[in-house]
Amino acid sequence: MSEVPGSTASQRIAGIIGERILNGVLAPGARIKQEEIAEELAASRIPVREALRILESRGLVTLKSNSGAWVSHMDPHDLGISYQIRERIEPLLLVDSMQRLTHADLAELREIQDDIEANDDVERFLVLDRRFHWATYRRHRTPQLAGMVERLWDTTQHYRRAFTRLAGRQGSWIICSEHRLLLEAITSADPDTASTILTMHIRRTRLELAMHPEVFAGTSRTLP
């Protein structure tokens with residue numbers, strides 16, 4: 001089988017590696033060996049290098065000259081800043097979107113939330129939670145802002161997973177209650193209340209993670 005042309009191959013490889021980072025197969029601080037990726041995916045090193053640069057631009061990979069590639073990691077300060085940015089800009093994205101959400105969108109949001117409440121698997125929750133929030137953002141008209149938010153979601157995915165595991169059943173109940181309140185505010189076309197609920201929803205995760213430094217164990221070392 002002939003190799004896929006460079007740009008297409010690099011996008012495909014970036015998609016595969018990115019998925020492994022986001023689903024936790026590759027943890028923060030993990031070394032990514034280009035030669036192993038090239039062999040596994042039957043590709044030359046050139047599209048692998050291009051793929052890693054794509055992932056670096058998304059904040060998922062850190063490249064060091066003459067050293068290699070690692071999955072990007074955050075220390076508590078980095079994560080705190082990322083979440084504070086989210087607290088400020090995600091409500092803007094939500095308000096821009098919610099005035100154009102349709103009845104079908106609202107019905108889908110209720111279905112997603114029903115699925116969240118019927119679920120007890122962390123990985124499934126992460127998928128559903130992301131689907132829920134991005135369904136509230138889908139009618140936005142600000143692609144630059146949406147791109148910023150998406151990058152922040154991607155780069156904090158590992159820590160959101162850790163938070164979900166820490167939260168347990170009690171935390172799950174709180175998350176679902178906040179989702180229901182947010183959905184009610186959106187349905188009522190109340191942007192001020194929706195913004196406040198979303199801000200507090202994000203802030204609560206930040207404050208909870210700040211109380212659990214063990215989440216960062218093994219990921220806060222300095223890369224070569």
Side-chain angles (χ1 to χ4, degrees), residues 14 17-33 51-95 122-123 125-127 129-130 132-134 136-137 142-168 170-172 174-175 178-179 182 195-224:
I17 300 173
E19 183 177 356
R20 292 176 183 178
I21 293 171
L22 294 176
N23 66 23
V25 172
L26 290 173
R31 177 80 180 270
I32 301 174
K33 297 182 179 179
L52 293 174
R53 292 191 188 101
I54 292 170
L55 294 172
E56 182 184 36
S57 71
R58 292 174 55 190
L60 294 176
V61 167
T62 299
L63 299 178
K64 294 288 184 177
S65 300
N66 303 317
S67 296
W70 283 262
V71 179
S72 298
H73 65 73
M74 290 185 170
D75 60 23
H77 177 265
D78 293 334
L79 186 68
I81 293 296
S82 291
Y83 266 87
Q84 288 180 66
I85 294 171
R86 285 187 58 198
E87 289 169 28
R88 288 160 173 78
I89 68 173
E90 281 191 51
L92 296 175
L93 188 63
L94 173 64
V95 170
V122 169
E123 295 303 321
F125 167 79
L126 291 172
V127 171
D129 181 64
R130 186 168 186 138
F132 176 87
H133 284 287
W134 282 92
T136 70
Y137 303 151
T142 52
Q144 184 175 14
L145 179 59
M148 293 169 61
V149 171
E150 184 174 21
R151 179 188 174 98
L152 289 165
W153 270 72
D154 286 351
T155 54
T156 58
Q157 172 85 346
H158 170 80
Y159 307 96
R160 199 158 52 252
R161 176 181 289 108
F163 168 76
T164 304
R165 289 175 175 156
L166 285 169
Q170 178 65 20
S172 177
I174 296 171
I175 291 168
E178 290 170 346
H179 280 190
L182 180 61
S195 295
T196 299
I197 293 168
L198 180 59
T199 298
M200 297 306 297
H201 184 59
I202 298 169
R203 183 173 299 160
R204 190 175 58 78
T205 304
R206 171 171 64 85
L207 296 176
E208 184 73 20
L209 283 168
M211 294 188 293
H212 292 278
E214 69 273 17
V215 166
F216 302 90
T219 71
S220 58
R221 56 184 169 79
T222 303
L223 297 179

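Treat the numbers as computed from the prediction; the structure is a model and nothing was measured.
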Checking Asp78 against Asp75 for the side chain to side chain contact (heavy atoms under 4.5 Å, CB included) test, could you report, in this order, the C-alpha distance in whole Å, the side-chain angles of both residues, the deciding distance, and whether it holds?
CA-CA 5 Å; Asp78 293 334; Asp75 60 23; 3.1 Å; yes

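- The distance from atom CG of Leu182 to atom CZ of Phe132, rounded to the nearest 0.5 Å, is 5.0 Å.
- The side chain to side chain donor-acceptor pair (under 3.5 Å) search around Glu87 returns Arg203, Arg206, not counting sequence neighbours.
- Met200 CE to Thr205 OG1: the interatomic distance, rounded to the nearest 0.5 Å, is 11.0 Å.
- Here the side chains of Gln157 and Arg130 are in contact, with some heavy-atom distance below 4.5 Å.
- Using a 4.5 Å heavy-atom cutoff, the side chains of Glu214 and Leu166 are in contact.
- Every residue meeting the side chain to side chain contact (heavy atoms under 4.5 Å, CB included) condition with Ile89, not counting sequence neighbours, appears here in chain and number order: Ile85, Leu145, Met148, Val149, Leu152.
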Decide side chain to side chain contact (heavy atoms under 4.5 Å, CB included) for Ser195 and Val95; before the verdict, give the C-alpha distance in whole Å, the side-chain angles of both, and the deciding distance to 0.1 Å.
CA-CA 7 Å; Ser195 295; Val95 170; 3.1 Å; yes

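- Partners of Tyr83 by ring-ring contact (aromatic ring centres under 6.0 Å, His included), not counting sequence neighbours: none found.
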Under 3.5 Å, which donor-acceptor pairs link side chains of residues 20-27 to any protein atom two or more places apart or in another chain?
| unit_1 | atom_1 | unit_2 | atom_2 | d |
| --- | --- | --- | --- | --- |
| Arg20 | NH1 | Glu40 | OE1 | 3.2 |
| Arg20 | NH1 | Glu40 | OE2 | 3.4 |
| Arg20 | NH2 | Glu40 | OE2 | 2.5 |
| Asn23 | OD1 | Val25 | N | 3.1 |
| Asn23 | ND2 | Glu19 | O | 3.1 |

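- Under the rule for a side chain to side chain donor-acceptor pair (under 3.5 Å), the partners of Glu178 that lie at least two apart in sequence or sit in another chain are His201, Arg204.
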Distance-only criterion, 3.5 Å: show the donor-acceptor pairs between side-chain atoms of residues 53-61 and protein atoms not counting sequence neighbours.
| unit_1 | atom_1 | unit_2 | atom_2 | d |
| --- | --- | --- | --- | --- |
| Ser57 | OG | Ile54 | O | 2.5 |
| Arg58 | NH2 | Asp154 | OD2 | 3.2 |

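- Pro28 and Val71 get closest at one heavy-atom pair: CA-CG1, 3.7 Å.
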With side chain to side chain contact (heavy atoms under 4.5 Å, CB included) as the test, would you mind laying out the steps for Glu150 and Tyr137 before giving the verdict?
CA-CA 11 Å; Glu150 184 174 21; Tyr137 303 151; over 6 Å; no

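- Arg165 meets the salt bridge (Lys or Arg N to Asp or Glu O under 4.0 Å) test with Glu123; sequence neighbours excluded.
- Remark: His179 NE2 to Ile174 CD1 distance equals 12.0 Å, nearest 0.5 Å.
- Evaluation of the side chain to side chain contact (heavy atoms under 4.5 Å, CB included) rule for Ala146 yields Leu93, Trp134, His140 as partners, not counting sequence neighbours.
- When the options Leu198, Ile202, Leu94 are evaluated for a side-chain contact (heavy atoms from CB on, under 4.5 Å) with His133, the one that passes is Leu198.
- Judged as a side chain to side chain donor-acceptor pair (under 3.5 Å), and not counting sequence neighbours, the contacts of Thr156 are Arg160.
- In this structure, OG1 on Thr142 lies 8.5 Å from CG on Leu92, to the nearest 0.5 angstrom.
- Looking at every heavy atom in both residues, Ala51 comes nearest to Ala14 through CB-N, 3.5 Å.
- Within the 4.5 Å cutoff, side-chain heavy atoms of Trp153 are placed close to those of Arg86.
- Residues His73 and Tyr159 form a side-chain contact, since some pair of their non-hydrogen atoms from C-beta on lies under 4.5 Å apart.
- Shortest non-hydrogen contact noted between Pro213 and Ala210 is CD-O, 4.4 Å.
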